[in-house]
Amino acid sequence: MSQTIATALSAVHQRIVLAAGEAGRPPEAITLLAVSKTFPASALREAYAAGQRAFGENYVQELSAKAAELADLAIDWHFIGPLQSNKTRAVAESAHWVHSVERLKIAERLSAQRPAQQPALNVLLQVNVSGEASKSGCTPEELPALAQAVAALPGLRLRGLMCIPEPTADAALLRSRFALLRTLLATLKSQGLALDTLSMGMSSDLEAAIQEGSTLVRVGSAIFGGRHINIDAGIPAQGRAV
């Protein structure tokens, strides 16, 4: 086993324990999702051998390929990237969770394409908490109607919400973005939806997310190191480190 990945996982778990303690929360209430996009299946095997079970992928082809190659492992697969309507079938067939549902059409396709013999697909609604035009996610105003519609679809289980705030060095602003998602979840729960998941926080800001109630942190670079080449497109992955 690569001691680098095992040691990195241990360090991230320690960060979660410390952050949870400061927030007065039990660390077991927070799931660590290892974001393995662009890394080879061998790296996932090493992380699995170190005890990691939940892995997140951003690219549909990469998810499908790794799920097939690592079928001998009891991995909990999470799709966390943008999802186009023409690629929903592969995700519906391979994933256990989808974090990035932002439109009813995508949810309807996932519902229709989820194999009947498989358990319900856990889905999260992605919310644009920073209001950036370039950001994916539904608006807070669109969320209530979308949540009710998705919750009614067969083959899906609506579990909660996800966000990716804009990069910022303003700690108070970052906390406010996470707090907004927490408030939105609480509102939906008060409207009768049985939700339990807040997917927020990455390598650089998981402590702030845990302070605001995150139940799942998406960590890539702090576990696997710098990004490899995007095997789908053959170009370096862009965007925030996760």
Side-chain angles (χ1 to χ4, degrees), residues 29 31 33 35 37 53-68 71 74-131 135-165 178 180-201 213-218:
T31 296
L33 179 66
V35 178
K37 66 178 183 181
R53 294 295 179 266
F55 292 86
E57 294 289 336
N58 284 61
Y59 309 111
V60 175
Q61 288 174 266
E62 195 172 353
L63 169 67
S64 298
K66 288 180 183 174
I75 287 177
D76 193 27
W77 290 108
H78 295 236
F79 185 78
I80 61 176
L83 184 54
Q84 298 171 343
S85 58
N86 64 343
K87 293 188 176 181
T88 52
R89 183 175 297 279
V91 172
E93 293 175 348
S94 298
H96 301 96
W97 288 74
V98 178
H99 290 226
S100 48
V101 174
E102 59 177 347
R103 293 181 290 135
L104 182 57
K105 179 183 178 181
I106 296 295
E108 289 173 336
R109 290 181 67 86
L110 290 170
S111 171
Q113 295 166 346
R114 181 68 169 176
Q117 69 273 20
Q118 292 183 217
L121 178 62
N122 298 296
V123 298
L124 304 177
L125 302 181
Q126 183 172 354
V127 183
N128 184 346
V129 294
S130 53
K135 283 288 186 186
S136 298
C138 70
T139 67
E141 293 74 24
E142 295 167 335
L143 178 62
L146 178 60
Q148 293 292 342
V150 172
L153 292 173
L156 304 183
R157 181 184 174 194
L158 180 60
R159 296 293 296 269
L161 307 177
M162 183 270 265
C163 72
I164 306 174
F178 291 143
L180 172 58
L181 199 71
R182 172 173 46 81
T183 299
L184 292 170
L185 185 81
T187 299
L188 293 177
K189 290 171 69 174
S190 73
Q191 295 171 352
L193 294 177
L195 308 179
D196 59 9
T197 302
L198 276 176
S199 170
M200 58 187 195
S214 175
T215 66
L216 185 151
V217 292
R218 310 180 304 272

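These values consider heavy atoms only, across backbone and side chains, with no hydrogens, waters or symmetry-generated copies.
- Atom OH of residue Y59 and atom CD1 of residue I80 lie 9.5 Å apart, to the nearest 0.5 angstrom.
- Atom CG of residue L146 and atom CD of residue E141 lie 13.0 Å apart, to the nearest 0.5 angstrom.
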Assess whether side chain to side chain contact (heavy atoms under 4.5 Å, CB included) is satisfied between T187 and L143, documenting all intermediate values.
-> CA-CA 10 Å; T187 299; L143 178 62; over 6 Å; no
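- Residues L33 and W97 are not in side-chain contact: their nearest non-hydrogen atoms beyond the backbone lie 4.5 Å or more apart.
- Here the closest non-hydrogen pair linking V60 and A90 is CG1-CB, 3.6 Å.
- The line from SG of C163 to CG of L185 is 11.0 Å long, rounded to the nearest 0.5 Å.
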May I have the step-by-step check of side chain to side chain contact (heavy atoms under 4.5 Å, CB included) for N58 and V35, ending in yes or no?
-> CA-CA 8 Å; N58 284 61; V35 178; 4.0 Å; yes
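- Inter-residue side-chain proximity for L153 and L104 is flagged as met; some heavy-atom pair is nearer than 4.5 Å.
- Distance alone, capped at 3.5 Å, places no donor-acceptor pair between the S130 side chain and the P165 backbone.
- A donor-acceptor pair shorter than 3.5 Å cannot be found between the side chains of Q126 and S136.
- Put simply, NZ on K66 and CD1 on I75 are 9.5 Å apart, with the number rounded to the nearest 0.5 Å.
- Ring orientation note: the planes of W77 and F55 are tilted relative to one another, at an angle of 30° to 60°.
- The closest side-chain heavy-atom distance from R218 to H99 is below 4.5 Å.
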Please lay out, stage by stage, how L83 and V101 fare under the test side chain to side chain contact (heavy atoms under 4.5 Å, CB included).
-> CA-CA 8 Å; L83 184 54; V101 174; 5.8 Å; no
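- Side-chain contact between V129 and M200 is absent, with no heavy atoms from C-beta onward closer than 4.5 Å.
- With V98 as the fixed residue, the side-chain contact (heavy atoms from CB on, under 4.5 Å) test singles out one of V91, L156, N122: V91.
- Between S214 and V217 the shortest heavy-atom distance is OG-CG1, 3.7 Å.
- Taking the side chain as every heavy atom from C-beta outward, L161 and L125 approach each other to under 4.5 Å.
- Judged as a side chain to side chain donor-acceptor pair (under 3.5 Å), and not counting sequence neighbours, R114 has no contacts.
- Checking side-chain atoms of E57 against main-chain N and O of L63 turns up no donor-acceptor pair under 3.5 Å.
- Using a 4.5 Å heavy-atom threshold, the side chains of I106 and S85 count as touching.
- Among all heavy-atom pairs drawn from L124 and S199, the shortest one is CD1-CB, 3.5 Å.
- The CG atom of L181 lies 11.0 Å from the CD1 atom of I164; values are rounded to the nearest 0.5 Å.
- Contact detail for A95 and L121: the closest heavy-atom pair is O-CD1, 3.4 Å.
- The two residues D196 and R157 have their closest heavy-atom pair at OD2-NH2, 4.1 Å.
- Note that CZ of R89 and CG of L110 are 10.5 Å apart. Values are rounded to the nearest 0.5 Å.
- Considering every non-hydrogen atom in both T88 and Q113, the closest pair reads OG1-OE1, 2.6 Å.
- Using a 4.5 Å cut-off on side-chain heavy atoms (C-beta onward), L195 and L158 make contact.
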